[in-house]
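Here's the structure, in structure tokens; my notes come after.
Quick caveat, the model's predicted, so the values are computed rather than measured.
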Amino acid sequence: DGFSGISANPALGHASDILVTLGGTTLLAEFPELCGVEQDLINRCEHTSDAEKFITLMETYSAQAEADGSGFDMNPSKGNIKDGLITDAIKSAGAAKKGGNAPVAGVLNYTEQPQKPGLQLLCTPGNDVLATTGMAASGANLIVFTTGLGTPTGNAITPTVKVSTNSHLAAKMPDIIDFDAGKVISGEETIAENGEAMLEYIIGLASGEY
């Protein structure tokens with residue numbers, strides 16, 4: 001929704017940056033949602049070969065979508081548009097924030113395995129089920145899924161943390177939402193504070209506390 005790019009996504013990006021700094025590996029998926037912010041991600045690639053691979057994957061995927069009568073410019077869903085994401089560029093600018101500010105250490109095709117730690121760009125569809133399946137297949141131990149509308153998508157193999165962009169959604173769907181980033185919107189927490197609380201939750205989940 002319209003809050004995604006200013007609450008849950010940048011908070012998750014902050015958590016991702018911390019994990020990467022500590023030597024962890026994070027995956028930023030859903031390539032159709034990166035249409036319009038390619039240059040920023042290209043500039044962050046540590047190696048020219050990764051930048052070129054990212055460009056090739058984006059162009060190939062876009063061409064396949066257009067050949068099938070669709071395209072990246074059709075990315076925002078009716079629900080997205082209803083809740084404030086009126087163009088693919090707005091949605092992409094917010095979606096990319098899930099990758100924080102870290103350098104891009106690698107670019108992966110669908111189900112490809114990371115060869116080194118750091119932030120990885122993983123080519124998956126924007127479809128929730130196909131994206132989470134691709135992340136699990138690429139070795140994700142945990143998936144963090146931000147949502148403004150409350151999609152119930154999970155994964156049978158990899159625990160999937162559902163993060164709400166607004167507190168209204170967290171209150172309305174407590175059976176679906178695991179973590180509330182709406183405190184950024186209300187002013188109760190900064191992006192950094194919420195991201196660090198999110199990381200603590202992730203660590204607790206990975207440790208078997210939840």
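- Side chain of Thr111 to main chain of Gly134: no donor-acceptor pair is present (N/O by atom type, distance under 3.5 Å, no hydrogens or angles).
- For the atom pair NZ (Lys98) and OG1 (Thr26), the distance works out to 12.0 Å, reported to the nearest 0.5 Å.
- Linking ILVMFWY side-chain heavy atoms closer than 4.5 Å, directly or via other members, places Val107 and Met58 in a single hydrophobic cluster.
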Exercise for the section: Test side-chain contact (heavy atoms from CB on, under 4.5 Å) on Asp17 and Val20 and set out the steps. Expected result: CA-CA 5 Å; Asp17 284 344; Val20 167; 5.6 Å; no
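- Side chains of Ser4 and Asn9: no donor on one and acceptor on the other come within 3.5 Å.
- Contact of the Leu205 side chain with the Leu142 side chain is registered, since non-hydrogen atoms from C-beta on lie closer than 4.5 Å.
- Here the side chain of Glu189 pairs no donor or acceptor atom with the backbone of Ala197 at under 3.5 angstrom.
- The neighbour count for Lys97 NZ, taken as heavy atoms of other residues, nucleotides or ligands under 6.0 Å away, does not exceed 12.
- Minimum heavy-atom separation, Glu33 to Ala95: OE1-CB, 3.5 Å.
- In terms of modelled atom types and a separation under 3.5 Å, the side chain of Thr165 and the main chain of Ser7 share no donor-acceptor contact.
- Between the side chain of Lys183 and the backbone N or O of Thr190, no donor-acceptor pair lies under 3.5 Å.
- Taking CG of Asn166 as the reference point, atom CG of Asp180 lies at 7.5 Å (rounded to 0.5 Å).
- Within the 4.5 Å cutoff, the side chain of Asn141 has no heavy atoms near those of the Thr158 side chain.
- Leu122 is not connected to Leu41 by any chain of hydrophobic side-chain contacts under 4.5 Å among Ile, Leu, Val, Met, Phe, Trp and Tyr, and they are in different clusters.
- The backbone N or O of Leu130 sits less than 3.5 Å from a side-chain atom of Tyr110, completing a donor-acceptor pair.
- Across all their heavy atoms, Ile42 and Ala51 have their closest contact at CG2-CB, 4.0 Å.
- Note that CD1 of Ile185 is 9.5 Å distant from CG of Asn194, once rounded to the nearest 0.5 Å.
- Pro10 approaches Ile6 most closely through the heavy-atom pair CG-C, 3.7 Å.
- Using a 4.5 Å heavy-atom threshold, the side chains of Lys162 and Thr151 count as touching.
- Between Ser92 and Leu34 there is no side-chain heavy-atom pair separated by less than 4.5 Å.
- Under a hydrophobic-cluster definition in which Ile, Leu, Val, Met, Phe, Trp and Tyr are linked whenever side-chain heavy atoms come within less than 4.5 Å, directly or via other members, Met198 and Ile177 are assigned to different clusters.
- Nearest approach of Ala8 to Ala181, heavy atoms of both residues: CA-CB, 3.6 Å.
- For Lys116 (side chain) and Ala105 (main-chain N/O), a donor-acceptor pair under 3.5 Å exists by modelled atom type.
- Note: Phe31 and Phe54 have perpendicular aromatic rings, judged against thresholds of 30 and 60 degrees for the angle between ring planes.
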Handout entry: Leu108 vs Leu121, side-chain contact (heavy atoms from CB on, under 4.5 Å): CA-CA, chis, key distance, verdict
Key = CA-CA 6 Å; Leu108 310 172; Leu121 305 181; over 6 Å; no
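- Using a 4.5 Å heavy-atom threshold, the side chains of Leu199 and Leu19 count as touching.
- If you check the side chains of Glu188 and Ser186, you find a donor sitting under 3.5 Å from an acceptor.
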Exercise for the section: Decide side-chain contact (heavy atoms from CB on, under 4.5 Å) for Thr132 and Thr153; before the verdict, give the C-alpha distance in whole Å, the side-chain angles of both, and the deciding distance to 0.1 Å. Expected result: CA-CA 8 Å; Thr132 52; Thr153 300; 4.0 Å; yes
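- Separating the OG1 atom in Thr124 from the CE atom in Met135 is a distance of 6.0 Å, to the nearest 0.5 Å.
- A distance of 8.0 Å separates CD1 of Ile157 from OG1 of Thr133, quoted to the nearest 0.5 Å.
- In this model, no donor atom of one side chain and acceptor atom of the other lie less than 3.5 Å apart for Glu52 and Thr56.
- Between the OG atom in Ser138 and the CD atom in Gln120 there is a gap of 9.5 Å [rounded to 0.5 Å].
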Problem - Residues Lys91, Glu30; criterion salt bridge (charged side-chain N to carboxylate O under 4.0 Å, His left out); working and verdict - result: CA-CA 12 Å; Lys91 186 175 182 181; Glu30 301 188 357; over 6 Å; no
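- For the pair Arg44/Pro103, no side-chain contact is recorded, criterion being any heavy-atom separation below 4.5 Å from C-beta on.
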Problem - Steps toward side-chain contact (heavy atoms from CB on, under 4.5 Å) verdict (Val161, Phe145) - result: CA-CA 6 Å; Val161 180; Phe145 195 113; over 6 Å; no
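- Annotation: side chain of Ile55 is not in contact with side chain of Glu38 (no heavy-atom distance under 4.5 Å).
- Hydrophobic clustering of Ile, Leu, Val, Met, Phe, Trp and Tyr side chains at less than 4.5 Å, counting indirect connections, keeps Val144 apart from Val129.
- What you find for Ala131 and Pro125 is that their closest heavy atoms are CB-O, 3.5 Å.
- Linking ILVMFWY side-chain heavy atoms closer than 4.5 Å, directly or via other members, places Leu27 and Ile202 in two distinct hydrophobic clusters.
- Under a 3.5 Å cut-off, the side chain of Gln115 and the backbone N or O of Gln113 do form a donor-acceptor pair.
- Taking the side chain as every heavy atom from C-beta outward, Leu169 and Ile176 never approach each other to under 4.5 Å.
- Judged purely by distance below 3.5 Å, without hydrogens or angles, the side chains of Asp68 and Gln64 never pair a donor atom with an acceptor atom.
- Thr160 and Asn155 share no side-chain donor-acceptor pair at under 3.5 Å.
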